[in-house]
Amino acid sequence: MIMEHHRGQWGSNIGFLMATVGAAVGLGNIWGFPYKMGASGGFPFLIIYIALAVLVGFPIMLTELAIGRKSGKSVLVSYQNVAGGMGTFLGFLAIISPLLILSFYTVLGAYCIQYVCLNFAELIGVFSLSSISGAQSFTDMLSNQPLAIGSTVFFIAICYLIIRGGIKDGIEKFNKIGMPALAIMLLIVIIRAVTLPGAFEGLKFMFSPNWEPFSSVQGFLKVLSTAGGQMFFSLSLAMGITVTYGSYLSKKESLVKNSLIIIISDTCVAIMAGLAVLPAAFALGGEGAELSGPKLLFITMQDVFNSMGAFGPIFGILFFLFVTLAAITSAIALVEVLVTFVIDHQVAKGRSPKRSRIVAIACLIVLAEAVLVAADGLGSNGLWIPFQDTGMTLGGTWLDFMDFISEGVAMPLGALVMSILVGWVIGPKVIRNEVSLEGNTMGDGLYSFFSICIRFVAPVAMAFILYGQVTTFISPA
Ligand code: PHE
């Protein structure tokens, strides 16, 4: 009874879905997927991405939801309940990774907020953003450390206020308004982008089949590893998020249906983000515009808005609000992993945890590491000292380093260990039992499919993705 009181539960399945899709839809969908798809084969890349999402993403997501809901506890305890000591390793991995990701995710969210404000200032005529290039405004932003830190504090404060409200009255409530708002803003930006003269080139870049990356075996393997890494990050797997959010889900809901909806929605938003950014970048971004990563958003897209005339700042506000929302809904999920862990730990020790205090402490810890990344200005202020002369990508900046440990190693390693654990140690039956509750079933066909994927396909794919991630990060910068 007391435990129920501290934990709470999703108010509805749709609320759970909004929150989980919100956690999956983030910067990766907007600045990673469209460019990677265009540069790695276009339509054939999409087919490979979807195949990997079905064969690897789906079984891992279903496993995470089932493990979380089975114990109804934090990610650490959930893994321990099914796997003992190995679960402790997995659990801690899934608590540390979100913390590392948050160190830069919050700073990137803060830059989005700055761009919302700057476009607003342009709209009301107090600042002339369009008279400076996107490159210049972003350079100014990176080098202004007090502003970078201040806006990061602001971003984290928003997350604090949402998470403090709890699962149902905080996170679910925010996502139920935020996600539809995000979809509407995205649709408006897409309509504007695809109707710009010259937009077709962007669509061609993203969709038209390009067999060049498939011309050699190495090329094909590279496409596989790019698609796998992207799928994995985009679905927020092995981050404790799906286990944590699943632990608040009622036993009567269908885990299979929910997993599919999350995966389909995330992929649709990634494709839609491509429709919003690439046509505009090709039409108005200028020669040699950057098409991926932070520069796509913070330089190219701002150049696009600068060249749109009177309506530019309005689309700028809408677009950056959309990205800010996508970042907030992912960041709150990451913080909640830690918060749920501490709350459950305290309850187990017989204490009465105070949610708002735990959320405040978690946010302060995130702030401490985010300050480093913000002050470093994504590397442009040169704060990073260790590894600097190794010549490896991971030695570039604080952001690269945090990203390497989390996205490069911890996430794929966690999923690899988990697929082996479920496939070979505890057995896929455990997942089937949790899926088949209160009238839900997992038919023999689906169970065979799931077992083959989790035992054979997922471990091989994850080992390969892990290898791909590590080699990308340690390759010469
Ligand atoms: N899935 C998010 C994205 O696409 C990133 C993310 C990864 C968020 C892991 C939370 C956890 O940007």
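For reference, positions follow the sequence shown, starting with 1. Whatever order the structure lists ligands and atoms in, that order sets their numbers, starting from 1.
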Hey, does [X] come in under 3.5 Å of ligand 1, counting only N/O atoms on both sides?
X      : answer
Tyr105 : yes
Leu334 : no
Ile101 : no
Met239 : no

Please list, in number order, the atoms of ligand 1 under 4.0 Å from a heavy atom of [X].
X      : value
Asn29  : 3 (C), 4 (O)
Ile241 : 10 (C), 11 (C)
Ala24  : 1 (N), 2 (C), 3 (C), 4 (O)

| request: Measure from atom 8 (C) of ligand 1 to every heavy atom in Ser234, Ala331, Ser236 and give the option owning the shortest one. | output: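 Among Ser234, Ala331, Ser236, the closest heavy atom to atom 8 (C) of ligand 1 belongs to Ser236.
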| field | Minimum-distance pair of heavy atoms, taken over all atoms of Leu325 and Gly178 | value |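 Distance-wise, the nearest heavy atoms are CD1-O, 3.5 Å.
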Got a donor-acceptor contact below 3.5 angstrom from the [X] side chain to the [Y] backbone?
X      : Y      : answer
Thr300 : Glu290 : yes
Ser247 : Gly72  : no
Asp344 : Ser74  : yes

| query | What protein heavy atom is closest to atom 12 (O) of ligand 1, reported as residue, atom name and distance in Å? | reply |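 Atom 12 (O) of ligand 1 sits closest to the protein heavy atom Gly28 N, 2.7 Å.
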| task | Give the ring-plane orientation class for Trp31 versus Phe298, where under 30° counts as parallel, over 60° as perpendicular and anything between as tilted. | result |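 Trp31 and Phe298: perpendicular rings.
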| Between Glu336 and Thr244, a side-chain donor and acceptor under 3.5 Å |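 Checked: Glu336/Thr244 side chains show no N/O donor-acceptor pair below 3.5 Å.
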| field | Phe138 ring center near Tyr111 ring center (under 6.0 Å) | value |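 Centroid separation for Phe138 and Tyr111: below 6.0 Å.
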